[in-house]
Asks: 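Could you have a look at this structure, given as structure tokens, before my questions?
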Amino acid sequence: MNFLAPIGAVALAFLGHLGRLVIFTGAAVSHCVRPPFYPRHILRQMIDIGYYSLPVVGLTAIFSGMVLALQSYTGFARFSAESAIANVVVISLTRELGPVLAGLMVAGRIGASMAAEIGTMRVTEQIDALTTLSTNPFKYLVAPRLIAGFLMLPVLVLVADIIGVFGGYMVAVYKLDFNAGIYLSNTIEFLEPLDVISGLVKAAVFGFIIALMGCYSGYHSKGGAQGVGTATTNAVVSSSILILTFNYVITELFFGT
Amino acid sequence: MTPKIRLNDVKKSFGEKKVLDGVSLDIAKGESVVVIGGSGTGKSVLIKCILGILLADSGAIEIDGEDVTHRRASEREAVNKKFGMLFQGGALFDSLPVWENVAFGLIQGDHMNRKDAKAKAIETLAKVGLSAEVGELLPVELSGGMQKRVGLARAIAGSPEIVFFDEPTTGLDPIMGDVINDLIVSCVRNQGITALSITHDMASAKKIGDRIAMLYQGKLIWVGDAKGVDASGNPFVEQFVHGRAEGPIKMQVRR
Ligand SMILES: Nc1ncnc2c1ncn2[C@@H]1O[C@H](COP(=O)(O)OP(=O)(O)OP(=O)(O)O)[C@@H](O)[C@H]1O
Ligand SMILES: [Mg+2]
């Protein structure tokens with residue numbers, strides 16, 4: 001029966017992690033909605049997440065829009081359905097690619113840096129020092145990051161949607177010789193508000209997940225530099241997987257029949 | 001009178017390793033107790049248990065008669081307000097300038113406005129021999145001894161009722177070490193602060209402590225008046241005080 005032992009150990013470790021994550025999330029959310037708040041910290045995190053992620057997310061979006069237009073053109077030409085390109089570009093971007101790609105890029109950029117920063121504070125006892133100075137680390141470190149992630153990702157994704165559509169437009173008009181006016185009217189005419197809204201809801205959830213996993217991994221990091229490294233990796237991997245999982249769940253909630 | 005800090009049979013292990021094995025100690029208000037003991041005997045762990053950074057496995061820890069044994073530091077905000085702590089490793093906030101480190105408890109804990117808090121921080125920095133210009137630097141730009149003094153300033157800036165000093169004079173030159181000793185003594189004598197300090201420096205221990213306690217193998221094997229430490233009659237204490245390699249305490253080293 002020895003081979004069962006390692007399986008059991010892994011399962012127990014997983015359940016332990018899950019339990020700790022649930023408790024962490026509960027504590028973190030309750031501190032997000034109870035005063036005192038730290039507006040300066042929230043603002044700083046918002047700038048970090050929103051403003052400084054713009055170049056990365058913008059570049060991702062513009063190339064995604066461009067490649068979408070090109071791919072759907074070569075595909076749809078077989079069915080003489082080129083007129084659907086504008087539609088395909090805008091719907092894929094707003095519903096799927098905008099939030100998912102922005103989420104993954106920000107997970108790499110922000111999730112990693114949150115885990116590294118909080119992890120370093122943990123291993124150098126700065127988090128312990130916070131509590132001895134009557135400051136709750138959840139309030140001071142975690143809550144501002146969660147709030148900023150939750151609020152800024154939708155903004156980023158909205159910008160990414162617009163930039164992505166613009167990328168598709170460039171390829172369609174300047175490379176594939178579409179009529180600019182018709183392309184734009186096609187884009188707008190078939191776009192439903194729900195397409196955009198579902199994407200923004202996803203973005204908010206992803207932003208929360210990124211900040212949560214970044215803070216959680218950092219907060220529970222152990223040891224020295226190596227522990228912080230592990231925490232950083234865990235933050236990026238776990239938030240990426242959770243983003244893709246929740247992407248399916250939210251899509252199912254909005255569009256599943 | 002209820003003691004300020006009461007430890008009753010406190011135990012703490014890490015896995016198989018027993019670090020604290022039944023520590024009992026009462027510290028009265030306004031008293032200064034110094035804990036001595038070999039490296040790795042659990043002095044820092046003892047302080048962290050009192051602060052709630054680590055949870056004791058068993059026993060009881062009371063602050064002003066209030067049992068805090070099973071509450072983590074983050075779950076006892078009212079008690080934390082009484083504490084000031086100098087960490088052995090400094091634990092300065094590396095993203096904040098020095099003055100903001102010192103003023104942190106005033107701004108975040110006591111909600112003082114930033115301008116007054118800064119003035120108070122600079123005043124406290126002066127007490128540990130650091131100028132206002134140093135206040136504008138980041139912790140990484142300081143020497144080890146300067147960081148230690150900033151940590152000390154941060155611990156006392158909020159006028160706590162109880163301060164913990166984990167090796168306050170380690171890494172300081174003898175003169176600055178004595179300045180810090182005087183500062184700790186004046187905190188205790190003039191402001192009525194209760195202090196629990198850890199040190200390896202016997203001169204400093206005798207100067208800042210009313211009582212000295214020696215931790216060995218998880219227990220306080222000797223607690224007594226600071227003046228009597230040289231003539232304790234306890235072979236373990238004698239060996240430690242005189243720093244002899246030969247004696248009942250065996251260091252885990254291979255010859
Ligand atoms: N978080 C921890 N996890 C596991 N073991 C620990 C932990 N913290 C301390 N220990 C162990 O507990 C023992 C006591 O550590 P502690 O830091 O209290 O020593 P100390 O008496 O302060 O020594 P020093 O004078 O060198 O600072 C050490 O053997 C250490 O290995
Ligand atoms: Mg120590």
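In what follows, chains are A, B, ... by sequence order, proteins preceding strands, each numbered from 1. Since we're looking at a predicted model, the values are computed, not measured.
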Asks: Pick whichever of B:Lys48, B:His111, B:Arg72 has the most heavy-atom pairs under 4.5 Å with chain A.
Replies: B:Lys48
Asks: Relative to chain A, which of B:Phe83, B:Phe164, B:Phe87 shows the most heavy atom pairs under 4.5 Å?
Replies: B:Phe87
Asks: Which region of B:Lys82, side chain (C-beta onward) or backbone (N, CA, C, O), has a non-hydrogen atom less than 4.5 Å from a non-hydrogen atom of chain A, or is it both or neither?
Replies: neither
Asks: Select one option (side chain, backbone, both, neither) describing which atoms of B:Leu54 are under 4.5 Å from chain A's heavy atoms.
Replies: neither
Asks: For A:Thr94 and A:Asp161, which I'm curious about, is there any donor-acceptor pair between the side chains at under 3.5 Å?
Replies: no
Asks: Looking at the rings of A:Phe246 and A:Phe206, which for Trp means the six-membered one, are their centres under 6.0 Å apart?
Replies: no
Asks: Can you establish whether the number of heavy atoms outside A:Gln226 located under 6.0 Å from its atom CD is more than 12?
Replies: no
Asks: With rounding to the nearest 0.5 angstrom, report the OG to CG distance, A:Ser239 to A:Asn234.
Replies: 10.0 Å
Asks: Give the C-alpha distance, both sets of side-chain angles, the deciding distance and a yes or no for salt bridge (Lys or Arg N to Asp or Glu O under 4.0 Å) between A:Asp128 and A:Arg122.
Replies: CA-CA 7 Å; A:Asp128 297 331; A:Arg122 162 62 72 201; 3.4 Å; yes
Asks: Tell me, side chain or backbone of B:Asp110 under 4.5 Å from chain A's heavy atoms, or both, or neither?
Replies: neither
Asks: Distance to the ring centre below 6.0 angstrom and angle to the axis at most 45 degrees; does that hold for B:Arg154 and B:Phe93?
Replies: yes
Asks: For A:Thr230 and A:Lys222, test the side chains for any donor-to-acceptor distance below 3.5 angstrom and give the result as yes or no.
Replies: no
Asks: Only pairs of heavy atoms separated by less than 4.5 Å count here; which of A:Gln126, A:Lys139, A:Met121, A:Glu117 has the most with chain B?
Replies: A:Gln126
Asks: Identify which of A:Pro36, A:Ala129, A:Pro137 forms the greatest number of heavy-atom pairs closer than 4.5 Å to chain B.
Replies: A:Ala129
Asks: A:Ile127, A:Thr120, A:Thr132: which one forms the most heavy-atom pairs within less than 4.5 Å of chain B?
Replies: A:Thr132
Asks: What residue, out of B:Ala91, B:Ser95, B:Gly105, B:Gly109, has the most heavy-atom pairs lying under 4.5 Å from chain A?
Replies: B:Ala91
Asks: A:Phe138 versus chain B, heavy atoms under 4.5 Å apart: side chain, backbone, both or neither?
Replies: neither
Asks: For the pair B:Lys43 (side chain) and B:Gly37 (backbone), establish whether a donor and an acceptor sit closer than 3.5 Å, ignoring hydrogens and angles.
Replies: yes
Asks: Are more than 12 heavy atoms, taken from residues, nucleotides or ligands other than A:Phe150, located less than 6.0 Å from that residue's CZ atom?
Replies: no
Asks: Please output the residues of residues 193-201 of chain B in contact with chain A, using a heavy-atom cutoff of under 4.5 Å, in numerical order.
Replies: none
Asks: Between B:Glu161 and B:Lys4 (salt bridge meaning N to carboxylate O under 4.0 Å), is one present in this structure?
Replies: yes
Asks: Salt bridge check: are B:Arg114 and B:Glu100 linked by an N-O gap of less than 4.0 Å?
Replies: yes
Asks: Please flag which part of B:Leu106 lies under 4.5 Å from any non-hydrogen atom of chain A: side chain, backbone, both or neither.
Replies: neither
